[in-house]
K.L.:
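Just passing along the structure, written as structure tokens.
Whatever order the structure lists ligands and atoms in, that order sets their numbers, starting from 1.
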Amino acid sequence: MPEKVIGSFNVKRLDILDAQGNADAALMPGLADEDLRKIYELLVLSRTFDQRALSLQREGRLGTYPSFLGQEASQIGSAYAAEKGDWFFTTFRETGVYIAKGFPLHSILQYWAGDERGMLIPDGMNLFPLSIPVGTQIAHAAGAALAMKYRKDGAAALAYFGDGGSSRGDFHEGLNMAGVLKLPVVFLCQNNQWAISVPRERQTASETIAQKAVAYGFEGIQVDGNDIFAVFKATRDALQKAREGKGPTLIECFTYRIADHTTSDDASRYRAKAELEQWKERDPISRMRAFLEKKGIWSGAFQQEVEARAKAAVDEAQKRAESVTPPDPRDMFTYTYASLTQRQKRELKDL
Ligand SMILES: Cc1ncc(C[n+]2csc(CCOP(=O)(O)OP(=O)(O)O)c2C)c(N)n1
Ligand SMILES: [Mg+2]
């Protein structure tokens with residue numbers, strides 16, 4: 001008997017905004033001018049915050065810090081597309097998502113200065129504390145989506161992870177469960193081409209990460225992760241589909257980690273300068289600025305205004321973070337052990 005093809009698939013790729021700031025009108029998500037300005041302001045705030053955090057780390061005022069430079073459109077575009085009841089499950093690099101959700105900026109600085117109280121999520125803010133272990137949040141998101149489905153919450157979960165995270169067992173288990181149970185969850189991979197020093201081609205033999213969804217029985221789509229409109233549209237549509245009970249989607253935001261992995265890394269030791277320079281030209285923020293300018297809703301005065309507001313917000317956050325009373329080191333003993341050993345008792349006494 002001859003062999004037959006019993007399966008074939010397509011992986012879509014969405015691009016809306018080109019490098020010169022021209023948008024494909026037919027694909028543009030309907031965003032009011034007010035939303036466009038708000039999104040742009042969030043991008044500027046994100047970069048201002050990121051640069052300040054890097055400087056503070058260099059001055060020894062933060063422990064370590066994972067910059068998200070270059071990934072602002074993937075983070076702000078997707079977070080802005082969610083609705084109030086949706087829940088976010090992020091990794092350590094999604095500071096832009098926290099900023100878009102209105103998480104207090106001083107708390108983010110406090111957290112990266114080593115004070116875990118910075119990760120206390122304010123009531124009513126649907127964020128899970130960020131995940132340092134790579135990939136675990138993917139399973140949490142699928143589990144939360146199962147609860148949402150049972151409770152008929154009309155909400156969806158959004159799980160963020162990187163290209164490296166897609167090699168973890170949690171990724172495969174989370175996607176499999178979500179596919180089988182048609183859970184209201186969107187898996188959003190920021191493929192920034194690197195997992196510390198491991199390049200994408202050493203991460204997976206697949207041509208795209210998006211196509212991995214096919215194996216789990218649902219749609220995967222790749223978008224230009226530096227194109228805020230493509231990210232926004234794909235996320236908004238996937239969340240809507242999830243809320244309507246039509247199951248999960250995997251979105252691969254094709255982007256680039258411009259900075260080092262964290263402040264403890266030196267990427268110049270393992271990646272080519274030419275690659276970095278090429279990606280710097282695809283900056284997501286200047287691309288959106290060019291779009292706004294062409295549309296006639298950007299001016300030098302507007303730029304100055306948003307930069308001044310961003311600087312004031314970050315100054316204030318730094319002041320607040322640095323005026324917090326440090327945690328009492330004795331808490332380590334008080335809240336960790338049911339009873340103390342003789343040695344721990346001595347250590348506690350000496351504090
Ligand atoms: C379970 C686990 N293994 C290893 C690490 C160390 N680690 C931290 S980040 C990282 C790479 C993550 O790469 P990717 O998922 O692409 O995210 P990116 O850092 O590029 O945002 C690794 C291996 C970890 N945090 N958790
Ligand atoms: Mg990565």
K.L.:
Output the list of atoms in ligand 1 that are nearer than 4.0 Å to some heavy atom of Gly165, sorted by atom number.
P.N.:
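Atoms satisfying the 4.0 Å criterion: 15 (O).
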K.L.:
Report yes if Val134 has an N/O atom closer than 3.5 Å to an N/O atom of ligand 1; otherwise report no.
P.N.:
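Yes; at least one N/O pair falls below 3.5 Å.
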K.L.:
Check whether Trp87 and Met177 end up in the same hydrophobic cluster, where Ile, Leu, Val, Met, Phe, Trp and Tyr are linked by side-chain heavy atoms less than 4.5 Å apart.
P.N.:
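Looking at the clustering, Met177 is in a separate group from Trp87.
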K.L.:
Would you kindly specify which portion of Arg257 sits under 4.0 Å from ligand 1, judged on non-hydrogen atoms: side chain, backbone, both or neither?
P.N.:
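The answer is neither; Arg257 stays 4.0 Å or more away.
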K.L.:
For atom 23 (C) of ligand 1, what's the nearest protein heavy-atom neighbour? Residue, atom name and distance, please.
P.N.:
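Looking only at protein heavy atoms, the one closest to atom 23 (C) of ligand 1 is Ile196 CD1, 4.0 Å.
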K.L.:
When you group the ILVMFWY residues by side-chain heavy-atom contacts below 4.5 Å and let the links chain together, are Val180 and Val186 in the same group?
P.N.:
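Val186 and Val180: separate clusters.
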K.L.:
Check each heavy atom of Asp163 against ligand 1 and say whether those closer than 4.0 Å belong to the side chain, the backbone, both or neither.
P.N.:
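It is both backbone and side chain that touch ligand 1.
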K.L.:
With side-chain contact (heavy atoms from CB on, under 4.5 Å) as the test, pick out the partner of Met288 among Asn226, Leu36, Ile76.
P.N.:
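So the option named by the test is Leu36.
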K.L.:
Is there a polar contact, in the sense of an N or O pair closer than 3.5 Å, between Ala195 and ligand 1?
P.N.:
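Checking ligand 1 against Ala195, no N or O pair falls under 3.5 Å apart.
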K.L.:
Under 4.0 Å from a heavy atom of Asn192: give me the atoms of ligand 1 that qualify, with their elements.
P.N.:
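Counting from 1, the qualifying ligand atoms are 18 (P), 20 (O), 21 (O).
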K.L.:
Check whether any heavy atom of Trp194 sits under 4.0 Å from an atom of ligand 1.
P.N.:
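Contact present.
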K.L.:
Is it the side chain, the backbone, both or neither of Arg168 that has a heavy atom closer than 4.0 Å to ligand 1?
P.N.:
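Side chain only.
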K.L.:
Quick one: do the Thr255 and Gln71 side chains pair a donor with an acceptor below 3.5 Å?
P.N.:
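The criterion, which ignores hydrogens and geometry beyond distance, is not satisfied for Gln71 and Thr255.
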K.L.:
So which heavy atom in the protein is nearest atom 14 (P) of ligand 1, and how far is it from that ligand atom?
P.N.:
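Here the closest protein heavy atom is Gly164 N, 3.4 Å.
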K.L.:
Does the pair Arg309/Glu305 count as a salt bridge with the N-to-O cut at 4.0 Å?
P.N.:
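Salt bridge between Arg309 and Glu305, a charged N being under 4.0 Å from a carboxylate O: yes.
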K.L.:
Considering only NZ, NE, NH1 and NH2 on the basic side and carboxylate oxygens on the acidic side, decide whether Arg47 and Asp283 come within less than 4.0 Å.
P.N.:
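A salt bridge links Arg47 with Asp283.
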K.L.:
Closer than 4.0 Å and a protein heavy atom, does any atom meet both conditions relative to atom 21 (O) of ligand 1?
P.N.:
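At least one protein heavy atom is under 4.0 Å away.
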K.L.:
Does the protein put any heavy atom within less than 4.0 Å of atom 6 (C) of ligand 1?
P.N.:
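No, there is no protein heavy atom closer to it than 4.0 Å.
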K.L.:
Determine the interplanar angle of the Tyr98 and Phe103 rings, folded into 0 to 90°, and report it as parallel if under 30°, tilted if 30 to 60°, perpendicular if over 60°.
P.N.:
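Plane angle over 60°, so perpendicular.
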K.L.:
Under the rule for ring pair (Phe, Tyr, Trp, His ring centres under 6.0 Å), what residues qualify as partners of Phe171, not counting sequence neighbours?
P.N.:
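Counting only residues at least two positions away or on another chain, Phe171 forms a ring pair (Phe, Tyr, Trp, His ring centres under 6.0 Å) with Phe161.
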K.L.:
Any nitrogen or oxygen of Ile132 lying under 3.5 Å from a nitrogen or oxygen in ligand 1? Just yes or no.
P.N.:
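There is such a contact, yes.
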K.L.:
Which of parallel (below 30°), tilted (30 to 60°) and perpendicular (above 60°) describes Phe254 and Trp279?
P.N.:
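Because their plane-to-plane angle lies in the 30° to 60° range, the rings of Phe254 and Trp279 count as tilted.
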K.L.:
How far is atom 17 (O) of ligand 1 from the closest protein heavy atom, and which atom is that?
P.N.:
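Here the nearest protein heavy atom works out to Gly162 CA, 3.9 Å.
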K.L.:
What atoms of ligand 1 come within less than 4.0 Å of a heavy atom belonging to Pro133?
P.N.:
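The list of qualifying atoms is 26 (N).
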K.L.:
Does one hydrophobic cluster hold both Ile99 and Leu56, with members joined at side-chain heavy-atom distances below 4.5 Å?
P.N.:
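Yes, because Ile99 and Leu56 connect within a single hydrophobic cluster, where side-chain heavy atoms sit under 4.5 Å apart.
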K.L.:
Using a plain distance cutoff, I'd like to know if Phe92 has any nitrogen or oxygen under 3.5 Å from a nitrogen or oxygen of ligand 1.
P.N.:
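Between Phe92 and ligand 1, no N or O pair is found under 3.5 Å apart.
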K.L.:
Does Arg289 come within less than 4.0 Å of Glu293, counting only side-chain N to carboxylate O?
P.N.:
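A salt bridge is absent here (no side-chain N lies under 4.0 Å from a carboxylate O).
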K.L.:
Can you tell whether the side chains of Lys233 and Asp24 come within less than 4.0 Å, N to carboxylate O?
P.N.:
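Looking at Asp24 together with Lys233, the answer is no, because their closest N to O distance does not fall below 4.0 Å.
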K.L.:
Which N, O or S atoms belonging to the protein are less than 2.8 Å from the Mg ion (ligand 2)?
P.N.:
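Asp163 OD1, Asn192 OD1, Trp194 O, with waters left out.
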K.L.:
So, Lys212 and Glu252, do they make that salt bridge, N to O below 4.0 Å?
P.N.:
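Result for this pair is no, no salt bridge flagged.
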K.L.:
So does Glu244 pair up with Lys241, basic N to acidic O under 4.0 Å?
P.N.:
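Between Lys241 and Glu244 there is no salt bridge, as every charged N stays at least 4.0 Å from the carboxylate O atoms.
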K.L.:
Out of all atoms in ligand 1, which are within 4.0 Å of some heavy atom of Arg93? Include the element for each.
P.N.:
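Close to Arg93: 18 (P), 19 (O), 21 (O).
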